[in-house]
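Each remark here refers to the structure printed beneath this line.
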Amino acid sequence: MKNPRLAALWPFVLSLLAAAPAPALACGPSSGGPPSAAVRRDDLGALRAGLLAKAEELAERAQKAQANVARDELYRAILCIEPDHKEARKVLGYAKGKQGWTLKKYVPQKDRGKPEDLAAIAQERSSLGVDFERRFRAALGGEGDEGPARLDAQRRELLAVMWFGDDNIELRRELGFEFDEEAKRWLMSEVLAARADRAERKELLERLAQEVPEPEATEVDESGAKTGIGFFSVFANDRVLVCSTGKPEEAKRLLSILHSAPEFLSESFRRSDPTLDQKWFVYDLANPNLRRQFYDNHPDVKPEDRDRFANSAAITFGFLALCGSGDTPANRYDCISLSRVGHYLRQVFGVQVERGWAWAGLSTYLSYQLCGTRLTQWIQDTKYSDGKAKDLGERLMDPKVDWLLEARLLMEDPGRAPSLRTVLGRETKDLGPDELVIGYAFCAFLFEGRRDDLCRILDRMREGQTSPQAVEGILSMSVESASQRLLEWLQAMTGA
């Protein structure tokens with residue numbers, strides 16, 4: 001019978017063909033009653049070895065019988081046990097390169113064998129799945145033992161068993177898989193959610209871009225004029241006034257980004273931006289050397305804030321005023337977009353700079369959706385980053401670099417990667433590039449795959465819980481288990 005609590009705890013984040021090492025599974029005698037830890041280890045080791053042997057044997061027979069669908073399912077089980085299994089990788093469309101196994105092209109094949117051979121393979125596969133599931137559950141403890149450690153272990157051990165039967169729908173759902181009608185296969189629930197979210201987000205951003213009113217040339221506002229700066233390009237619509245020292249097309253681009261921002265954020269989180277119907281005043285300085293003049297003379301800047309503001313690429317101040325500066329238009333779009341997103345997160349969720357993973361990671365992720373770049377980085381050269389951090393930081397500046405792939409490669413090297421628990425406890429001022437990219441990836445995972453959970457985590461943090469407390473309380477798993485799920489999601493989304 002399906003365990004609803006386990007299903008809620010573990011929408012499993014393993015790619016259809018997991019590349020990360022996972023505990024193996026196999027066949028062997030089970031003990032009666034709750035076993036000791038030592039007995040469990042012995043039993044599980046025997047079960048894993050036996051299951052691997054059975055899976056290899058049956059996959060080979062399925063290949064000969066041209067039971068291609070069953071063969072592929074069995075190879076998926078094998079990869080859960082032995083991720084470096086060459087034959088399984090080959091059949092399932094993988095190639096091995098410098099970055100490990102990468103999915104090149106998987107073409108599902110139809111069954112071509114005799115009906116009686118297909119039926120025999122299917123029956124044996126299903127029977128083995130039922131038997132192994134019973135044995136593993138027995139080895140992992142009694143039904144009353146519902147502690148987090150057992151739930152974690154049970155999920156890992158039952159994964160390979162899942163691929164042994166087409167009719168074990170309850171087990172698949174218990175492990176967090178859903179059937180994709182388009183692909184005609186079972187996928188992780190977070191992967192399906194992310195794919196749907198990306199398609200919907202693309203449509204949303206395209207619609208918002210089309211809805212931006214044509215900007216009108218106008219005059220600098222009174223407060224901006226008092227700075228004495230010559231704003232050559234001034235445009236406005238119903239939501240934004242942009243005063244820029246750059247070119248007219250640069251001011252219009254900024255106006256488009258900032259006009260779309262409140263609706264994008266409000267619709268994405270289903271929580272309205274409190275400034276949705278209010279006008280923002282945005283000052284775009286194409287010459288960063290003008291910052292001191294601007295902040296020394298703008299009437300809404302307090303004297304005690306002038307030095308700090310003058311050292312910031314972008315800052316919100318006063319009543320819905322925002323100033324950004326940079327050497328290139330792209331840098332200015334990026335830092336101003338980032339500051340606008342940060343204002344929303346602070347006002348709606350109470351996100352503070354001390355919560356580095358949420359402040360830097362989530363604001364960078366959301367800003368990227370609006371402006372298409374990630375040039376303003378919350379990166380420090382700190383003692384927490386490893387010797388390769390500088391190279392990573394420079395690589396992240398390249399707009400062609402896939403941050404999710406970088407996070408995956410980093411996490412696949414546990415000797416180099418900072419733990420998720422470490423990242424969750426880091427303040428923004430202490431973030432290294434390795435910590436930033438993992439925080440960014442965790443935000444992407446939550447935003448795309450578990451949006452409601454992300455909102456609840458941010459709510460609990462605002463109420464005073466630490467980041468680890470909020471994550472564990474909402475996801476009902478340890479931070480370490482959440483980290484493993486993140487890695488497996490990254491592997492699915494980046495083709496591992």
Side-chain angles (χ1 to χ4, degrees), residues 201 205 208 239-240 242 244 246 250-251 253-266 268-269 273 275 280-286 288 291 294-295 308-318 320-380 393 396-399 401 403-404 426-433 435-444 447 454 458:
R201 191 175 348 128
L205 289 169
L208 293 178
R239 288 182 183 165
V240 188
V242 174
S244 175
E250 296 167 5
R253 169 64 176 149
L254 263 178
L255 189 145
S256 177
I257 292 171
L258 295 169
H259 186 276
S260 298
E263 280 193 66
F264 167 68
L265 295 167
S266 298
S268 293
F269 287 99
D273 186 325
T275 69
W280 278 75
F281 295 82
V282 179
Y283 306 96
D284 172 39
L285 305 179
R291 287 192 301 226
F294 179 87
Y295 291 117
R308 180 167 60 88
F309 287 4
N311 289 315
S312 299
I315 201 81
T316 55
F317 63 94
L320 304 186
L322 195 167
C323 179
S325 62
D327 295 328
T328 68
N331 282 331
R332 302 199 306 277
Y333 305 154
D334 193 278
C335 69
I336 289 173
S337 174
L338 191 70
S339 186
R340 178 64 179 87
V341 168
H343 183 274
Y344 172 86
L345 293 176
R346 186 169 54 248
Q347 294 296 316
V348 175
F349 292 104
V351 177
Q352 298 298 323
V353 70
E354 291 78 14
R355 313 278 193 158
W357 73 275
W359 179 259
L362 187 55
S363 61
T364 301
Y365 174 86
L366 295 170
S367 176
Y368 176 66
Q369 312 308 312
L370 290 167
C371 70
T373 59
R374 292 168 291 221
L375 302 175
T376 309
Q377 296 183 11
W378 306 90
I379 289 178
Q380 308 292 330
L396 294 179
M397 297 295 288
D398 185 345
V401 166
W403 279 36
L404 297 184
R426 193 73 77 216
E427 293 189 27
T428 300
K429 66 181 180 65
D430 294 327
L431 287 174
E435 294 159 334
L436 172 61
V437 78
I438 289 177
Y440 175 97
F442 189 52
C443 290
F447 183 87
L454 172 59
L458 297 178

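For clarity, every value in this text was computed on a predicted model and none was experimentally measured. We use all heavy atoms of the structure for the numbers below, so side chains are in, but hydrogens, waters and symmetry mates are not.
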Can you sort out the partners of Asp284 under salt bridge (charged side-chain N to carboxylate O under 4.0 Å, His left out), two or more places apart, ordered by chain and number?
-> Arg332

Could you tell me the separation between the [atom1] atom of [X] and the [atom2] atom of [Y], rounded to the nearest 0.5 Å?
{"X": "Leu208", "Y": "Phe264", "atom1": "CG", "atom2": "CZ", "value": "8.5 Å"}
{"X": "Trp357", "Y": "Leu436", "atom1": "CH2", "atom2": "CG", "value": "13.0 Å"}
{"X": "Phe317", "Y": "Ser339", "atom1": "CZ", "atom2": "OG", "value": "10.0 Å"}
{"X": "Cys323", "Y": "Ile336", "atom1": "SG", "atom2": "CD1", "value": "7.0 Å"}
{"X": "Phe281", "Y": "Leu322", "atom1": "CZ", "atom2": "CG", "value": "12.5 Å"}

Under the side chain to side chain donor-acceptor pair (under 3.5 Å) test, residues paired with [X] that sit two or more places apart:
{"X": "Asn331", "value": "Thr328"}
{"X": "Thr275", "value": "Asp273, Trp280, Arg340"}
{"X": "Trp403", "value": "none"}
{"X": "Arg291", "value": "Ser325"}

For residues [X] and [Y], report the shortest heavy-atom separation together with the two atoms involved.
{"X": "Trp359", "Y": "Gly342", "answer": "CZ3-O, 3.6 Å"}
{"X": "Ser268", "Y": "Phe447", "answer": "CB-CZ, 3.8 Å"}
{"X": "Ser363", "Y": "Val341", "answer": "CA-CG1, 3.8 Å"}
{"X": "Leu370", "Y": "Ser337", "answer": "CB-OG, 3.8 Å"}
{"X": "Gly324", "Y": "Cys335", "answer": "CA-SG, 4.3 Å"}
{"X": "Ala358", "Y": "Cys443", "answer": "CA-SG, 4.4 Å"}

Would you say the side-chain atoms of Arg239 pair up with the backbone N or O of His259, donor to acceptor, closer than 3.5 Å?
->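 Yes.
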
Between Glu263 and Ser260, is there a donor-acceptor pair closer than 3.5 Å when you use the side chain of the first and the backbone of the second?
->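 Such a contact is absent between Glu263 side chain and Ser260 backbone.
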
For residues 354-374, pull every pair meeting salt bridge (charged side-chain N to carboxylate O under 4.0 Å, His left out), keeping only residues two or more places apart or in separate chains.
->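 Every candidate salt bridge (charged side-chain N to carboxylate O under 4.0 Å, His left out) pair involving residues 354-374 fails, so no pair, neighbours aside, qualifies.
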
Can you name the residues that form a side-chain contact (heavy atoms from CB on, under 4.5 Å) with [X], not counting sequence neighbours?
{"X": "Thr373", "value": "Asp334, Cys371, Leu375"}
{"X": "Ala444", "value": "Tyr365, Leu404, Glu448, Trp489"}
{"X": "Asp327", "value": "Pro288"}

Under the ring-ring contact (aromatic ring centres under 6.0 Å, His included) rule, collect the residues that match up with Phe309, sequence neighbours excluded.
->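 Phe309 satisfies ring-ring contact (aromatic ring centres under 6.0 Å, His included) with Tyr295 once adjacent residues are dropped.
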
For the pair Phe269 and Leu366, evaluate side chain to side chain contact (heavy atoms under 4.5 Å, CB included) and give the outcome as yes or no after the intermediate values.
-> CA-CA 11 Å; Phe269 287 99; Leu366 295 170; 3.8 Å; yes

Listing, residues 346-353 side-chain donor-acceptor contacts under 3.5 Å, not counting sequence neighbours, or none:
{"from": "Arg346", "atom 1": "NH2", "to": "Thr316", "atom 2": "OG1", "distance (Å)": "3.3"}

